[in-house]
Amino acid sequence: MRYFYLLATVIFGLLASPIMAVDWEDQRVFSGASPSRVLRILSSTDTAFFEPIIESYLQDDPTVTVEYFVSSTSDLDTIFRQTPKAFDVVISSAMDLQFKLTNDGYAMKVANLPHPDWAQWQQSLFAFTTEPAAIVINKNAFSAQPIPQSRQDLILALRARPDFFRERIGTYDVRKSGVGYLFATQDARLSETYWRLMEVMGSLQARLYCCSGDMIDDLESGKIAVAYNVLGSYAAARAKTSKTLEIILPSDFPTTMMRTALISRAAQNPEKAKNFLRHLLTIQAGGAYENALTLPSLMSRQDPNGQSTIDLTPALMTYLDDLKRATFIQEWSNAIIQN
Amino acid sequence: MSSVLPLSGSLRNQLAVTLIGGAAILAVLLFFVVRAYAAQVAQQGQDSILVASAASILDAAVIRNGQIEIDFPYSAFSILNTPEDDRVFYAIHRDGTLLSGYQNLPQPHIQPQDTKTIVTERFRDETLRLIRISRVLVGENLRTEVFVTVAQTQDALSVTLNTISRTVALFGLGFFVLSALLSFWATSKTIDQLTRLTTSITRRGPQDLTPVDKPVPVEMVPLVTSLNTLMGRLDQSLKRSEDFIAEAAHRVRTPLATVRAYAEATLQRVSREENRQALRSMVHAIDESSRAAGQLLDHAMITFRADHIDLQEIDLVEQVREMVRNLSPIADMRDVTFDLKTDSDVSIAGDPILLQNAMRNIIDNALKYAPNDSVISITVQTGETISITFQDQGPGFPATQIGDLTKRFARGSNANGIIGSGLGLTIAQEVATAHGGTLELSNKPEGGACVTFTF
């Protein structure tokens, strides 16, 4: 009975493949020149950012077809926990979820990678970007007003023109977004200002988003005027083409996360996955393939501005605790949803 | 002296092996004891951090509106961060049901008298150090027990233990090497005392039987005292026997002279040939006895002087000339001539009386065995060593006995009828030894005995 169950799981895992069942945000196949193997990457990063990385990898190794699946950070965690066999590489901006995956034994050890100690955990989880959470504004909304430089400034600005900002503020729905939850918990851990900001945003019926991309879309179109805790890298990419966006790194305290990658312990193609990981880390370390560097590179822990990065330590598991999470979501909901 | 003593091992080796073996055992013991202690301390370190972590979770547990809330601090897990990235597992239970954390994490039983339990368990293919603590929460109409389990892998601990082991091993090795060096030093220092005593006794002349008077360690005092007593007794008994011989010879000589005088006188008076013959034999025997007594006296004197040799600058050639002069009358009686070949002026440090005695005995011997009308050549040679060679044209030494002739009372097999005591060459030999030289006997290929006295 037990074996039957196991067999059924395996068959389900491989054939009925949940990959088909999932409603992906994006799904792309990159084929090398003479593909013989498939490397499946499960990622929370928009395809556009990874395209150059994958393309440059395929130049080096044309025997691989890369299937790139994009989902939100929390869905990604759920999908991967259900079918760890279906993916070779997992990339996510939700450091805490990635950390817990590693702690729970889903990641494969890759020994002797020349990667700094602070940017890896258990030789299994590798950080490859340093990305701040940013306040992004539509400049048109602040044409006559000073641009806020900190959370405190933002609170004052919002309070000054409540009617203007009503329903025109956006932030992550921490119930749906893993990275949003990470940013929120880290903010809350560091300062009470976060809760006051949430109170203000709640009173102005803030819009809640699943992803940075959507938030930036609405910001660009003018549907919202301010977005809080947006992934700086996404906003920066969009700001290149859109003159209306301005990215503010809060001067009181920045929250900076590292995008991380791990190789599934049940990977079908571990060798190719390791090669890809090596390639990714090389690019992000600022070495070869400068053209492929579309994401912020991995910076030293403490940059001159005193930006401190969220550490890869067991403490990341604190807010993933069911009780803690329930308490936090409750408090957060109370603050931001005030109908 | 030259016989080989049976050995019962080496004192130095025994001492060194005991000390080094002891040091090795101590070093190994040190390694295990210190490592075990360090491991215990390191484990206590991990345990106390786990306890702190679990306690900070449990402390945060409160009952609010009938619900349990545990808003534990960030530090609860951040203190569990290790350089080796140890994995962390935890579980929070309420009366046996999981509230949050890892399912299936082992839940060791907490003894009723304890508030916590610490065990090492296997979980998910890892060895975990696991701590479990509990607390009773009391709310309105509610009494419930909350259990917190926190577990951590032991990678950092084993790295620490390896480092400790390596350090302690190095420490133990260092201890051993130092102890070994110390053992060698102590051993050689101890044996040195014995070696010094041995050397000081070995270096002595054959006649030196004075007691050892250099300071010796307490432990060696009985040995040295016995040795000194033994040597004292030996010395005394040697002296006594020499004294006895000298005294005896002296006492014998005077009556012998009287007897000889009477015999000579009687020989003048008797005319019967058989009586005269008997008297002549008597005189001959008396001569032999008196000569032996003289030589015994000489020998005793030489033994005494050799013990307290009084070296002075003397002219060897002059000594030899004087000797030849003194003995010429006797040689003339037998038509034997001396052929003296010398360099001028050969001066040596020596005892003139001993040297004259030795030379007289050697030349005496030569005269006794030399045929009538022959030459005894005496050559004084200088060069690397100074030596005097005495050579006669007699029958030479019996080849088979040549090595033994310098022993006391040894006489050649061809000495029949010739007066002699067997002490002449012994005396010459002893004089040579007292001067740090040698006496060498040989036969010339053209015939005749050759005695070489080398300084």
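Letters go in sequence order (proteins before strands), and every chain restarts at 1.
Comparing B/Asp71, B/Asp155, B/Asp125 by how many heavy-atom pairs each has under 4.5 Å with chain A, the most go to B/Asp71.
Contact of B/Glu84 with chain A is made through the backbone alone, with heavy-atom distances under 4.5 Å. Within the 4.5 angstrom heavy-atom criterion, only side-chain atoms of A/Tyr319, from C-beta onward, approach chain B. Only the side chain of A/Gln186 comes within less than 4.5 Å of a heavy atom in chain B; its backbone stays farther off. At a 4.5 Å heavy-atom cutoff, the contact between B/Ile92 and chain A is made by side-chain atoms alone. With a 4.5 angstrom heavy-atom cutoff, A/Ser124 does not touch chain B via any of its atoms.
The number of heavy-atom neighbours closer than 6.0 Å to NZ of A/Lys274, taken from other residues, nucleotides and ligands shown, is above 12. Other residues, nucleotides and ligands contribute more than 12 heavy atoms inside 6.0 Å of the CZ atom of A/Arg189. Crowding of B/Gln193 atom CD: a count of heavy atoms from other residues, nucleotides or ligands under 6.0 Å exceeding 12. The number of heavy-atom neighbours closer than 6.0 Å to CG of B/Asn13, taken from other residues, nucleotides and ligands shown, is above 12. Other residues, nucleotides and ligands contribute only 12 or fewer heavy atoms inside 6.0 Å of the CZ atom of B/Arg143.
The side-chain heavy atoms of A/Asp321 and B/Tyr90, taken from C-beta on, include a pair separated by under 4.5 Å. A 4.5 Å side-chain heavy-atom check between B/Arg124 and A/Asp104 finds at least one atom pair inside the cut-off. Using a 4.5 Å heavy-atom threshold, the side chains of B/Phe72 and A/Thr318 count as touching. Put simply, the side chain of A/Lys324 does not reach to within 4.5 Å of the side chain of B/Tyr74, judged on heavy atoms.
Figure legend: A/Lys100 and B/Tyr102 shown as a cation-pi pair, the cationic atom lying under 6.0 angstrom from the six-membered ring centre and within 45 degrees of its axis.
The shortest non-hydrogen separation linking B/Asn81 to A/Thr313 is ND2-CG2, 3.3 Å. A/Thr327 and B/Glu69 make their closest contact through CG2-OE1, 4.5 Å (heavy atoms, listed as atom of the first residue, atom of the second, distance). For the residue pair A/Gln122 and B/Arg87, the shortest heavy atom distance occurs at NE2-CG, 3.6 Å.
To the nearest 0.5 angstrom, B/Leu98 atom CG is 8.0 Å from A/Asp322 atom CG. Atom CG of A/Asn103 sits about 8.0 Å away from atom OG1 of B/Thr153, to the nearest 0.5 Å.
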